[in-house]
Every structure is written in structure tokens, then in C-alpha cells.
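See structure below.
Chain A is the first sequence line, chain B the second, and so forth, proteins listed ahead of strands; every chain is numbered from 1.
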Number of protein chains: 6
Amino acid sequence: MFLRVDILQIDLPAPKRQDPNAAAALQELLGGKYGEMSTLGNYMFQSFNFRSKSKLRPFYSLVAAITAEELGHVELVSNGVAMLANGPDADQDDQGPGGDISGAPFEAMKDARLAAAFYSHAGGAVPVNSNGQSWNADMVTTTGNVVVDLLHNFHLECGARLHKLRVYESLTDPTGREVCGYLLVRGSVHAHAYALALKKITGVDLDKFLPVPNIPLGNIPECQKYLAEGSHRRLYTFSPACSYPQVVRRIDSPTRLGLA
Amino acid sequence: MFLRVDILQIDLPAPKRQDPNAAAALQELLGGKYGEMSTLGNYMFQSFNFRSKSKLRPFYSLVAAITAEELGHVELVSNGVAMLANGPDADQDDQGPGGDISGAPFEAMKDARLAAAFYSHAGGAVPVNSNGQSWNADMVTTTGNVVVDLLHNFHLECGARLHKLRVYESLTDPTGREVCGYLLVRGSVHAHAYALALKKITGVDLDKFLPVPNIPLGNIPECQKYLAEGSHRRLYTFSPACSYPQVVRRIDSPTRLGLA
Amino acid sequence: MFLRVDILQIDLPAPKRQDPNAAAALQELLGGKYGEMSTLGNYMFQSFNFRSKSKLRPFYSLVAAITAEELGHVELVSNGVAMLANGPDADQDDQGPGGDISGAPFEAMKDARLAAAFYSHAGGAVPVNSNGQSWNADMVTTTGNVVVDLLHNFHLECGARLHKLRVYESLTDPTGREVCGYLLVRGSVHAHAYALALKKITGVDLDKFLPVPNIPLGNIPECQKYLAEGSHRRLYTFSPACSYPQVVRRIDSPTRLGLA
Amino acid sequence: MFLRVDILQIDLPAPKRQDPNAAAALQELLGGKYGEMSTLGNYMFQSFNFRSKSKLRPFYSLVAAITAEELGHVELVSNGVAMLANGPDADQDDQGPGGDISGAPFEAMKDARLAAAFYSHAGGAVPVNSNGQSWNADMVTTTGNVVVDLLHNFHLECGARLHKLRVYESLTDPTGREVCGYLLVRGSVHAHAYALALKKITGVDLDKFLPVPNIPLGNIPECQKYLAEGSHRRLYTFSPACSYPQVVRRIDSPTRLGLA
Amino acid sequence: MFLRVDILQIDLPAPKRQDPNAAAALQELLGGKYGEMSTLGNYMFQSFNFRSKSKLRPFYSLVAAITAEELGHVELVSNGVAMLANGPDADQDDQGPGGDISGAPFEAMKDARLAAAFYSHAGGAVPVNSNGQSWNADMVTTTGNVVVDLLHNFHLECGARLHKLRVYESLTDPTGREVCGYLLVRGSVHAHAYALALKKITGVDLDKFLPVPNIPLGNIPECQKYLAEGSHRRLYTFSPACSYPQVVRRIDSPTRLGLA
Amino acid sequence: MFLRVDILQIDLPAPKRQDPNAAAALQELLGGKYGEMSTLGNYMFQSFNFRSKSKLRPFYSLVAAITAEELGHVELVSNGVAMLANGPDADQDDQGPGGDISGAPFEAMKDARLAAAFYSHAGGAVPVNSNGQSWNADMVTTTGNVVVDLLHNFHLECGARLHKLRVYESLTDPTGREVCGYLLVRGSVHAHAYALALKKITGVDLDKFLPVPNIPLGNIPECQKYLAEGSHRRLYTFSPACSYPQVVRRIDSPTRLGLA
């Protein structure tokens, strides 16, 4: 069961201008193979399908907790998409045309890369990648074998950071860059958590494998405040006994989830 | 942002026997066009894309609250799928073969309708329909126009109840029937809520349209306890200030969401 | 059974210039979720699957008649796509290169949004949306329940008008604008017809729901001649006892189909 | 523009019993790669995209006429699907459950191959193949080159007959066999017509290529009445100046379309 | 560039009987997410996209060599599919019906799980999974980062062995079991090779992670002859300077590819 | 079984500049309906599914040999894609950012048509078309009937040359033009070979049908050296007893494959 808190995980700065192609770029982080719908879908179905919960509870708890966080990431990226697609002044529902509509007021949309996003969704986010391909079940791995699933998740988080960096490197608007900066920090925690979980089961020190890719978070301005508050060292339970970010029960190391 | 509570919305009875085709039938309610992934996907992205939140807050709140409930429905159906696919004795992780594997111990799976569910997911749920077709973005409607979106949602809930009834009518196992019985009750609340929301905006008494389809919940044994506790008259906020089902802040009429 | 008349439902003005991105925009109205392939596919399969034709004949006749009209809409939009993709001077089959082909005569196509339309179809229309995604069966609703189907159709026509307006607002060329203007007028009739059909069955005055979205057809220049000839008040049978547009047996109100 | 005549191209005998798997088999002829949606989709979009109509009118007329006939084939197969899926006594709309629904009255549907057809469409036809895969734009060839298109069509009709024979050879029910028998006869005309068209353009006697595959229509009981009435030698225009089958303007050879 | 040798990598025993569902089961190993089309597609495109070949040549050579082997695996599984689908006596091309076809000689195919395989492909293999879903580009990972790619490949080989075991455990026919037995042996080599490659780059002893899943090859009868000949310890170059299996230049340890 | 030779079939000139849209154009020749993945997929699965090899061996050998050549074409186009996407100076693996990444060094990628190719694949080739749609099993024809398959292949090669010409006519960069020029020459051989094979079986002189489309190879500069060396008259076996291009056993006419 899930509960909803009506705030985003972080505050997003308003976009400087309407930029449909930047919104489309963020869609890669939403519906692309390594996007948030994929991390969500993988962990969500893995946790639903988990068996042997008594014996393997720490691993179940880890996947279940990150599932809840990924829901918030899907929400965050989606908000970023809608903000960039509609621009800084967009705070009104599309209820049909207002004044003179005979002059092609949206002519610019004809040349946007993801034109369908405007025509069918008024710039809103949907689970597709930066070229409009739908997210789908082929991007969900849930094998019934906990080691294979965790190994997949470890690889997924590494790949996801690579793609987040590329999107970051192609954006100039503060909205999209903030989304990427935050997700890069949180992704490093998830990769680390899966490495520790696999280490606990197999004895192989996968944590020494990291960071892959080798992204210097210290060089990314948008990461600094999250690093300063220690977000890169905390794994949250996203359980209702806590609120976020002020009052989430801190887990300063993965130990609290039984992983170390 | 979302939080996760580690209980299902209702208790599911154990299946009487392993029944992969019954699991596959439930998949229609998970990944089919009118399944829980669709209701979730529609309401989730509509709420993420909502503009004019100040002016239209009651409608945003309605869609946002049902989004959170639908997450629990996806979880519920997925658990039902995994239970039916693996049978009453399945409480162990698949860590590779145990004893003698030379005798085709899973020969029955070769003839199961959704054989891929066994081969690739050990019977676990994934977002596909009863024939293995993936859920996808074509099943998400988020138009940017609140009336069109709510009208779509109203139709979606009506259609979803029709399909839930058909799955119910094809199952004999208590696990799947319990899932359907509960979802039929909750679906009737959602259809009603969207009708009232549209009535508030347009003045047309869409609530008189219901029930469509005309399903006599009183004749369905599995619905009785949910009717008895009044679940068919309550809309929940699924906000963290409450817990569910005992302590969710009750909303005995949609008024609390500003809809009447 | 269907017959074909070798004229378009309306005359289309020649495009001013070749504009592949405008052609791609029109593709949203052909193969998008709310495009003409969808209205056609929904009504066509609903009418093929109709049971209880004796008892529910008026509703069958309504859906069957609109099916035939939608075929003409698919034809109309497709012609618009091909005209815009090839430009005003294109009246020759592509039989291979003529003169000097060593100079990249089609270099501009490399940067067109829907480049595949040129490479694989010489600019011809195919059932895809404005980003090249294929129309498919997920966009067909035929539930076996006439009320749910008609409610879906009512929502579909409302949504389709919203998307037609957006395409209109992004185009400057007369070809595409004429297509949109005509379809907006006809769409308003279809939405009204489905509302009346539902009213007859359920007693709910869904016609008061309209217009949704609230599009002032009077402000759209391309709609004027169709409004002047009363096209927004007529439902056509598209049966072979009539010809169109001059001699189609006029149905000045939906009564003729038994809907009022 | 298209008109609709409210009769099927042929009379279909009632099925002997409800047979969902036979209905699913017919779906291969509806939404499979070589099914009627494909022949329809290919010829429909080719005719919409045709350029140089003045110079190449006979070929346009051929493709346009067969398009209209294929619409009737889609209708015919769809009716066959719905009849087989619902059985001989099905003549009522699905308006929700009647009597006692607590006993799984549709338990048999759980094991049907195309279970989604029951759950989501009440057994109605939709554009998918015998395993539920959607028809899509990848099955449409419209290259802008009339010779390549006609060569594709020639191959398509040959392949379609092969698949129709296989479906025929797997069915025992008269409904499905009648559909196949009729379509095999008409398919042989279409293959021949495309061969003659290509012969006229290229001079190669492709008609000597036929029949491919070598199907002895004389051995198929269901073909006999269509052979007796000469249906295998006529190409119809499906234009509104005629009715079908009694009064269609007969074209005893393809000459009338300017092909010989 | 690739060359083709007209023999299978191993001899396959003839099937005991025609078994379309067993053929469909093998399809999971051909077109499923962890099937041979996926291993082929991943390594093939990774090797085509490889940059820095001089600096990273050993890793390029590894991926390139396994690509060639996977082509043979696709061939092997495809042959197994066609053999099982057609049975031990099938050695004739389908050139149309022979004798009496009026008696539904292929009635059994109507109830086969993957009926489309018979109708459209005469039982031949195509790149789909056991439920007819197409293999596609979402199953290809080529990130441009060699560590992430190799980590993905390591996970892929682990997952592939899990799925091969499940298919094996569901089959009784010698043809399918031989395919699985051989591929399990070869898959263990590939998993080991990727582990060593990653160890060389990162220093983490991923080889100690194996075997995941823990499959006792010694207990699988069909694996014995491959183990006896040492196939589980050899990595082949599949270069034309050698032939296979007799004269392939043996590589008794991955050292020869520069990995250790 | 296949072997790999670590050279491309031809030398490709370096691109003049990074041109992601030109790379995307080449993708149509890789993953489009008439691209190299399609020719490969058709011939590969046809040859795997071939029955009656003794009786029909020359036709099997033809399809098998061209399969191997098509693998090299997939390799060639993929290399062209990666070269154009990354530009002349790209010879380093993407191992994460180097210097200052705060300034959006890849801003240009945000506006590329196939942006996902950069974000998810670092510009590498994957089996998608020029708009990012995945290649899939719907593009594979393997019917079990050798005449229908060969007729399909003949049409496929004709269509493929049409599309190659269009891509050529839209490119200015030498890399892409060289790819097209070479493939046009080789495609003419394949079309001719299939025509001769069909002529041998049916007696119809399909070779007189060619060239379709009528492409004057003599006018295309990039074709000249391949014409000069006679590449348009040779069919290669791509067997390991030869090497390519210097020492491939020449087959100066298709006779060597038993086709004439």
C-alpha cells in the first residue's frame, strides 16, 4: 500500500523559457530504457513478486524502500517535463482557445522534436523516451532469483547515472539541470546499496567497483547542496512513520536495512 | 512524493492450488487496457501534469488521491498473480535447482497459456495483459483539459468494472475472486467520484448514469464484507496523516474533497 | 460491405509549399491516439461485433454510419499529408531518379522530423502519429456493452476535437487548416450524436455537457462554409442510396436514426 | 469517400458451437501479417498516396477498387470471429450479469488461447493476430513507386492465400471454413489482377507464375458455389453505381480496368 | 564481416514427436528477453559501436568473438524450434496441399499455444518469445561505456542461464533438452569471461560471484559430453583461421584474449 | 555456424564532421522496414527453417550465402552510423566526463532528431529506423513455401534499393554516401539472383523485370569502383574456404549456385 504526500522530493526552479526539446530530453530519464519508469517498474514488481520474505527480508526491504523513492523520481521528472514544455508562465488549464486562434499561435510546436507531446498531451509527461517510444514490460526484470535481480539492479543504477549525465550535459535550463543533479546524487546511493546487498550474499566486494561511471559529483554545481546535506550517504525507508526531507528517519548507512 | 506501507490493502486468501492460467487471467486486470496499470498510469500522469492547481485544486486532489489507491491495486493484483502462479506452498526464492532435475519437473508449464511468465519471471507479475501484451503509453490519457480527462476517467472506471466482472466470472479460486470482489467495490466508488466531479463542473447529473455496467454487488459473495464495512461509500485520501484501513481518515462523501 | 466513391468529402486547397513537418503534424490526426484511424477502428469493430441488432438497431445504425464517414476522414487526412509532404508541384510517381543525383537533391529531408516518411514512403501517409508511432489495437475499444462503448465514443469525439484544434493552431498552410476546419465541424456532430444516443438509453442529458472542449467554431475561418451549409447539424447515413455532398439524404436531426 | 451497405459480402452459416480457439484462428486472417487488415491497409494507403493519377489511372483504379473489397473482407472475417467466439445462441448485448454469477459461469474462458478477447472484448474481433499481437504500420507498404508497390501486392496476395489455406485446414466449424473458402476464391482474382497489372508495365508474364501457392480450389467444398457463379473470374469496382453481389457491374476480365 | 559454415555447432537428435508447445518453449530462448537474439544483439551492436579499439582491444575482441558464437546459438535454437514444430518426419517444403484437404488435417494446430507460428510460418522459428512477443531494440544495451556494457553482459549471461534451466526443466523431448544442455555449458564460459574482463578493469574479483544461478551442470545428463570434452573451459575466437568443433584454435584460458 | 573476420566489407571514408541527423538517416537502412536488419532477418530465419534441403539445396544455398553477406551489411551500416554520430575525431571510449561539465558541452544533442541515440547509446547504432522505431519480427517473412519466400525476397531487394537511393540523395557526407553506393551495387546482385532462382522454379523470366527501381548506377560516383571491379556481377558464398574481398572464391555468374 502506498500513501501520497503532496510535495515534490525537492524544489524545482522555474524554467527560464518554454523549451519543448529540453522537455523531450528529460523524457529519456522518464520513459527511456534507463529512466525512472524502468527503475520504478523493476523494483516495484520485484518487491511484489518477492518470496521467502522471512528469510530474505533485508533484501526485500531494500527493494521495497527504493521502489517508493522511485515513485517520487517519476513524479519529479514528470514535473520537470511539464514545466519545460509549457514555460514559466504556464499555470492555467487548457480549456480551449481564448482569443484569436486564426493565426497559428502554436506554429513553433510543428517543428518540435516530440510534437505529439504537444498535440496529444499539451506538453504533459507520459511514459515515453526522448523520441516518443513507449516504456514497456521488456524493461522490467524480475526473475525470481534474488541474486540475479540485485545484479540487474546494480547494473541498472550504473547505467542510469550514465544517461542522467548525458542529459545534464545537453541542458542549459535550470529546471532540467536541477532534476539531473539531484537524481545523480540519489542514484549513487542506490548503486552503492545494491553493491552492499550483493556483497552480503556473495562475499564479492562489489562496492569497490564503484563509481561506475566515474562521475565527479563535486564538479556538478547542482549536486552541491545535496552533497552538503549528506543526501549521498542516506538510504530512506519512505515509510509513513516519517516525512521527507525534514523528518525522514535517517539511515546513515545501509546497516539499518540489515545489509551490513 | 510517495510512502510505502508494508501491508496489502486487503488480506488475500491462499490459493487452493497452483493455477498458471488463473494467474494469467488476473494479468488482464494488471496490464490490460482497462487494468490497474492503466488506471494508475492515467491518474498518476494527469496529476503530475496538472496546471492551475489553485483554481482546480479539488479536482487535482481527487485524481491525486485515487492515484495512490491505484498503486495499492497494482500491488494487490500482482500479489494475486504471483500467489496463483506459484501455488499455496510457494514461499521460497528460486535459487536454482535442488534435487534431481533430469525429469522435467516443470513439464506442465510448457502448456500454460502465459508460459513466458514462468520461463522469464518464475510466475511473477509483470505489466502485461492475459496474453502477454505489454502495457504501454497508448493506454495513458492526459490531455491538458480537465473535463476531457475526467470524462475519460469516468469511462475508464466503468469499463474497468466490466472487465473485472468477466475475470471474476471465469475464476473459481478464492485468491483471484477476492481480488475481483474488492476491486469491484472500490471501482464503484471511483466511478461515482468522477461522475460527481464532472457534475460539479458541467451541471450534468452524470451520477444518474451509474451503475454502468449494472453489476449487482449484492449478489457477489466476495463483495459482502466490503459493503458491510461501507467501503463502497468512502473515498480515501491515502495521505500519510492516516493509516489504512483502520485509521485512514474517512471521507464519507466526496464533499471532503470539495466535489459537492 | 463498403463501396468507394472516387472523390474526397471536401475539396482541399493545394499547399503553398512543401512542408514535411506540417505533413507530420497532420499525421497526429491520422494515426495518433485520438486520430481518424482510432475513430474508424473503434466504430468499425464495434459495428462488426454488435449483437442484439434487432433490439438495439438504432445504436448499431448510428455507429455503422459514422464508421463509413470516418473512412472518408482517414482518406481526407491522408491526402492532406501526401500533399503537404510533396508540395504543390508533385504530380508524378517516383520511378527512380531522373537527372543528376550526385548532389543530394533531398538533403532537406535529412532534418525533417518524420524522416522515415520520406525514406520509406516518399512522403505518403501511413497509420502513425506525428512522431512515427504506429496506430495499433490498444486504441480500439469494443467491450460488448453498448453503454460503455457509446460512452467511450462520446469521450473519444471530445478528445479528438481538442487535438484537432491544437494541430490547427500549429499550421499556417491552407491544406492542413482546411482539413482541421472541416473535421472540427463534423466532430461536433458526432459528439452530439453519441450524447443523444446515451441520453436515450440512460436518461442523462449528456448533450448539455457539450461543447467539450469549448471551441468557438464561429471564430475559425475554415469552418465558416461548412457551418453555412449546415454541416454541423446533419448526420449522414453514408449509404449507397445517396451521394455526397450534393445528394446525400439529409438527416436534419438525429431523429432519423431513431435516436430521439 | 466510402459508403456502407448493411449486408455481408456472403452469407455465413451459424457456428455449430462456441469455439474461442477457432475464433482466435480466424484472427490470424484479420490481424496477422498476411491478414485482411494488411491487404486493406496496404491498398488503402497506396491509393490515398497515389500521384500521377492521370498517367497511371488504371493502376490507381485497380488498387482503389480492391481496397473497397478488402473492407468487406475485414467485415466478413470480423463477423466470423464474433460468431465463433460467442456461439450459435449469442444474440444479446452484454449488459452485465443476469442470474447467479457466483459460480464462475465463464470458467472455460480462463483456458482459451486468446483469453484477452473474452475479458476485454466479449469475444469481439479486434485487429490482432491469432496470438493477440496487434496489426500495425510495419505491415503497410507504400513506397511511392508503383511497380514496387504492385510487386509487393502480388506477393502479399500469394502469401495471404497460403495462410488462408492453413487456417482452413485447422478448422472444422462451417462458419470459419466458409470464410476461408470465399476468401481463397477472391484472393486468386486479386493475385491475378496484380500479375496482369505488372505484366502491362514490365512486359513480364507474371500471370504464368500463378497459382502460387498451388491450391486446388476444386477440391475445397466451400469454394464450389463461388466457382460456379464465376466469382474467381470477376473483378468488381465496388462503386456506388452498382450493388453487390446480384447487381454489381460485372467485369469479366481485368480489361475493364484498363489492365489488358 | 562474417562467413558461414553449413553445419550446426552441435548435432541435434531428432524429436520423438511433433510438439508445437515444446517448440514454443524453445522460442523463449530465441526471442525472449534473455534469449539468443538478445545476447547476439547486445554483443553485435556493442562490437560495431566500439571505439578506442587500440586501447581496449582485448575487450573488443572478447565481445566480437562471442558475437560470432551467438549467431550459431540463434541458428541452433531456431533449428530446434523448427524440428519440434514439425516432428521427426518433416523433410519436405510446404508447397500447398496434397491429397484430401477437406477434413481439417491440421485441427490440432488450432489449440497450440503459439498458433501463429503454424499459420504464418509453418512452424518455422522467428524472433519472438514463447508467447509470440517480438524481440526488439529495447533488449539491446550499448551504452558507449565499456564497463557498463560488460557489467550488463555479465548480468545477461547469468539471467540467460536461469531461463535456459527453466526451459530445460519443462521439456521431455531430446531435441530441446540437447539445445538447453549445450547452451548451459557455453553460457557458463561466457559469464566467466565477462567476469574476468571486469576483474581486469576494476580489480573486483567478480569470478568469485559465480556460478549465479547455482546450476549443477554435473547433474544434467545432456551436459556431460560437453563437459567431458572441456567445452566449459574454452573460449573460441570463431575466426576463419579455424574450423569448429574439431579444429577451432583452442583457447584453454581467457588469457589468449588478453583478459588475464 | 558463423565465423567473424575483423574487417569491414569495404573501407569507409572518415566523416567530414559530426552529423547526428545523417547518422539517423542511415538508421533507416539499418532498422527500417527495408533495412539490413530486415534482409538479414528474412534470409537468416528462412535458411534456418529450410526443409527439403536435399531437393531444394541450390535455393537453400543461395539464401544461406546472402544471409552471411547481409551480416556484413548490418556491420557496415552500423559502423557508418557510429562514425557520423561521433564525428571524425571520436576514437575514445565514453568513460565519464573529463573536464568542465557544467557548461552543457552536448547542448546540440538536445535538438538532434534521434536524441535517444545520444542519450542511451552515445551515438552508437541500434536496430531502429530513422525515427527510433524498433526493428521487429513483423519484418520477417518465412512462410515455409519456397516460392512465396523467394518472391518476397525479390520484392524486398527491389524495395531496399529504392530506399537506399533516397537516403543517398539526402546525404552529403562521404561516409554515408559510400555506404549507400556499395549497398546499391550489391543489392542489384541480390535482386538478380532471386529473379533467376524464381525463373528456374516457375519458368517466368523475372530477370527481365529488372532493374526495379530503375537506378542508373553509372551516374552515382560512389558506385564506380565497385562496378569497375565487377562487384555487380558476382555472388559470393561467404564460406570460410575463402576470404573477402581479395580471395573470396569468385562466382562470376549465379550458375555456381545451381541457379542457371
Please walk me through it: do R166(D) and F118(E) pass side chain to side chain contact (heavy atoms under 4.5 Å, CB included)? CA-CA 8 Å; R166(D) 291 203 188 114; F118(E) 168 70; 3.9 Å; yes
Can you give each donor-acceptor pair under 3.5 Å made by side-chain atoms of residues 120-131 of chain D, sequence neighbours left out, with the distance rounded to 0.1 Å?
unit_1, atom_1, unit_2, atom_2, d
S120(D), OG, E28(B), OE2, 2.5
H121(D), ND1, T142(C), O, 3.2
N129(D), OD1, N131(D), N, 2.8
N129(D), OD1, G132(D), N, 3.0
N129(D), OD1, Q133(D), N, 3.0
S130(D), OG, E28(D), OE1, 2.6
S130(D), OG, A116(E), N, 3.2
N131(D), OD1, A115(E), N, 3.3
N131(D), OD1, A116(E), N, 3.0
N131(D), ND2, R113(E), O, 2.6

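Closest approach of A104(E) to S170(D), counting heavy atoms only: CB-C, 4.4 Å. Across K110(E) and L171(D), no two heavy atoms sit closer than the pair CD-CD2, 3.8 Å. Taking every heavy atom of both residues into account, Y119(E) and A25(D) meet most closely at OH-CB, 3.2 Å.
Annotation: maximal heavy-atom pairing with chain E below 4.5 Å, among H163(D), Q27(D), E222(D), K164(D), occurs at H163(D).
The structure places CE of M109(E) at 13.5 Å from CG of N21(D), a figure rounded to the nearest 0.5 Å. We find the CG-CG distance between D111(E) and D19(D) to be 7.5 Å, quoted to the nearest 0.5 Å.
For chain D, no part of A108(E) is nearby; none of its heavy atoms comes within less than 4.5 Å.
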